[in-house]
Amino acid sequence: MTPEDQEETQPLLRPPGGSAPRGRRVFLAAFAAALGPLSFGFALGYSSPAIPSLRRAAPPAPHLDEDAASWFGAIVTLGAAAGGVLGGWLLDRAGRKLSLVLCALPFVAGFAVITAAQNLWMLLGGRLLTGLACGIASLVAPVYISEIAYPEVRGLLGSCVQLMVVTGILLAYLAGWVLEWRWLAVLGCVAPSFMLLLMCFMPETPRFLLSQHKHQEAMAAMQFLWGYAQGWEEPPLGAQHQDFHVAQLRRPGVYKPFIIGISLMAFQQLSGVNAVMFYAETIFEEAKFKDSSLASVVVGVIQVLFTATAALIMDRAGRRLLLTLSGVVMVFSTSAFGAYFKLTEGGPSNSSHVDLPALISMEAADTNVGLAWLAVGSMCLFIAGFAVGWGPIPWLLMSEIFPLHVKGVATGVCVLTNWFMAFLVTKEFSSLMEVLRPYGAFWLASAFCIFGVLFTLACVPETKGKTLEQITAHFEGR
């Protein structure tokens with residue numbers, strides 16, 4: 001066994017006498033870090049109320065046409081993809097804490113630019129900056145929380161990352177009812193400002209400090225977080241922090257987590273979650289809701305409730321079980337969605353071009369309210385299923401399964417995969433629906449959900465109750 005292997009598989013941190021830590025300030029540190037995902041969620045949800053507000057705005061406020069509105073919503077994913085790469089570099093160079101502090105700056109700067117925007121380019125520039133911050137936060141916050149948490153609460157705290165994301169989205173929807181786009185952007189500065197303030201008083205993760213052989217700082221961090229300063233082991237002398245090399249992909253402890261992390265991120269986006277969210281207001285209109293914008297709030301509330309449920313049961317039920325149950329629910333709900341569109345499909349057209357809004361309108365024309373409620377039920381079931389498993393768990397596992405010496409690069413690749421797939425699916429879904437029809441597109445999403453369930457059963461290990469070093473040892477076959 002090499003010194004590097006020893007460092008990754010021995011328990012660097014463990015409670016004295018095998019007892020569970022009793023420190024409660026770990027929850028404060030996790031909350032401070034989770035303000036990053038809250039800001040991330042608010043930035044994602046911002047475009048939904050802001051675009052109609054910008055369209056209503058009188059000159060000299062910027063005006064959004066259809067193409068500009070599309071870029072206003074989508075450019076965040078491009079910034080986030082770049083942020084994932086930057087965040088992976090920062091994670092290993094600057095550390096977990098400083099990376100979170102730094103990611104608050106583009107959040108505040110981006111929303112400030114939007115607040116002061118006088119033209120379209122300022123709006124897009126602000127959105128690009130907030131997207132960059134989203135990518136960094138989506139990578140660094142799960143890693144920071146997983147490394148400060150002890151095994152008994154790591155699932156709970158790790159799931160709070162996704163909980164804060166959906167809470168941020170819901171807050172943006174609710175605030176959008178009463179605030180215009182400029183004041184909504186001002187509100188977006190609040191959470192990252194608080195994160196910047198709180199993280200200044202939080203410690204770096206003990207594992208990162210030990211990997212840098214900063215033992216006194218690690219002991220002080222453990223005392224602050226866990227309430228004791230014993231139970232750490234010094235890494236071997238030859239196990240200094242190393243950069244990632246492609247040759248390391250030959251090791252099972254590296255390539256197996258790589259495959260799992262990238263696959264989970266891809267399956268999460270291929271599940272059809274963005275498509276379901278896209279159709280939320282249309283489905284509520286067909287069910288005769290007087291205010292179809294209520295759909296966004298209903299969807300947000302369901303996400304928050306079921307993500308909170310997942311967080312509470314994560315350390316009891318385990319990751320594999322929740323991923324599997326979540327996937328099965330999503331298979332049935334996307335299949336029902338496809339059946340709904342099939343049942344409401346209009347007659348064949350002689351035109352080779354499919355006008356998607358007209359198509360949906362035509363299909364909805366003869367739909368009775370009862371059938372529309374089938375769609376509402378399927379949508380709510382899908383969102384609940386996604387929130388319980390495939391929403392939070394890929395991010396949680398990403399923070400758990402990689403060894404310390406490759407974590408920056410590996411998590412960066414995973415985040416880049418997630419955001420690239422999100423951009424690709426969002427951008428091409430309309431084209432896919434033209435080719436396969438709406439029911440075919442949703443049935444294809446159902447097939448990807450099936451593949452996700454099978455992949456989980458075949459390849460994803462259970463990490464419940466294990467230290468991060470034990471998880472690494474599992475992949476190494478020891």
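All values below come from the heavy atoms of this structure, side chains included, with hydrogens, waters and symmetry mates left out.
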Check: Leu90 main-chain N/O paired with Ser99 side-chain donor or acceptor under 3.5 Å | yes
Relative to each other, are the rings of Phe40 and Trp419 parallel, tilted or perpendicular (30° and 60° limits)?
-> tilted
Phe306, CZ atom: more than 12 neighbouring heavy atoms under 6.0 Å = no
Are the side chain of Glu180 and the backbone N or O of Arg182 linked by a donor-acceptor pair below 3.5 Å?
-> no
Would you indicate whether the side-chain heavy atoms of Leu163 and Pro392 approach each other to under 4.5 Å?
-> no
Taking the six-membered ring for Trp, are Phe382 and Phe337 ring centroids under 6.0 Å apart?
-> no
Ser53 side chain to Pro49 main-chain N or O, any donor-acceptor pair under 3.5 Å?
-> no
Assign the ring pair Phe267 / Phe455 to parallel, tilted or perpendicular, where the plane angle (0 to 90°) is split at 30° and 60°.
-> tilted
Rounded to the nearest 0.5 Å, what separation is found between the OG atom of Ser39 and the CG atom of Leu196?
-> 10.5 Å
Measure the acute angle between the ring planes of Phe107 and Phe111, then classify it against the limits of 30° and 60° as parallel, tilted or perpendicular.
-> parallel
Is atom CZ of Arg316 surrounded by more than 12 heavy atoms (other residues, nucleotides or ligands) closer than 6.0 Å?
-> no
For the student: nearest non-hydrogen atoms of Val388 and Leu322, plus distance = CG1-CD2, 3.9 Å
Test item: Gln303 and Leu170 side chains (from C-beta on) under 4.5 Å apart, heavy atoms | no
May I ask you to test the Leu91-Arg96 pair for a side-chain heavy-atom distance under 4.5 Å?
-> yes
N/O donor-acceptor pair under 3.5 Å between Ser263 side chain and Ile260 backbone | no
Salt bridge (charged side-chain N to carboxylate O under 4.0 Å, His left out) pairs touching residues 400-422, sequence neighbours excluded, are Glu147-Lys407, Arg154-Glu400, Arg319-Glu400
For atom CZ of Phe420, is the number of surrounding heavy atoms from other residues, nucleotides or ligands below 6.0 Å larger than 12?
-> no
Indicate yes or no: at least one non-hydrogen side-chain atom of Val143 is less than 4.5 angstrom from one of Phe402.
-> no
Only pairs at least two apart or in different chains count here, so list each salt bridge (charged side-chain N to carboxylate O under 4.0 Å, His left out) that has a residue in residues 34-53.
-> none
Carefully, step by step, assess Thr324 and Thr456 under the rule side chain to side chain donor-acceptor pair (under 3.5 Å).
-> CA-CA 7 Å; Thr324 303; Thr456 298; 5.3 Å; no
Side-chain heavy-atom pair Trp390, Leu323 within 4.5 angstrom cut-off = yes
Backbone N or O of Met265 within a donor-acceptor pair of the Thr417 side chain at under 3.5 Å?
-> no
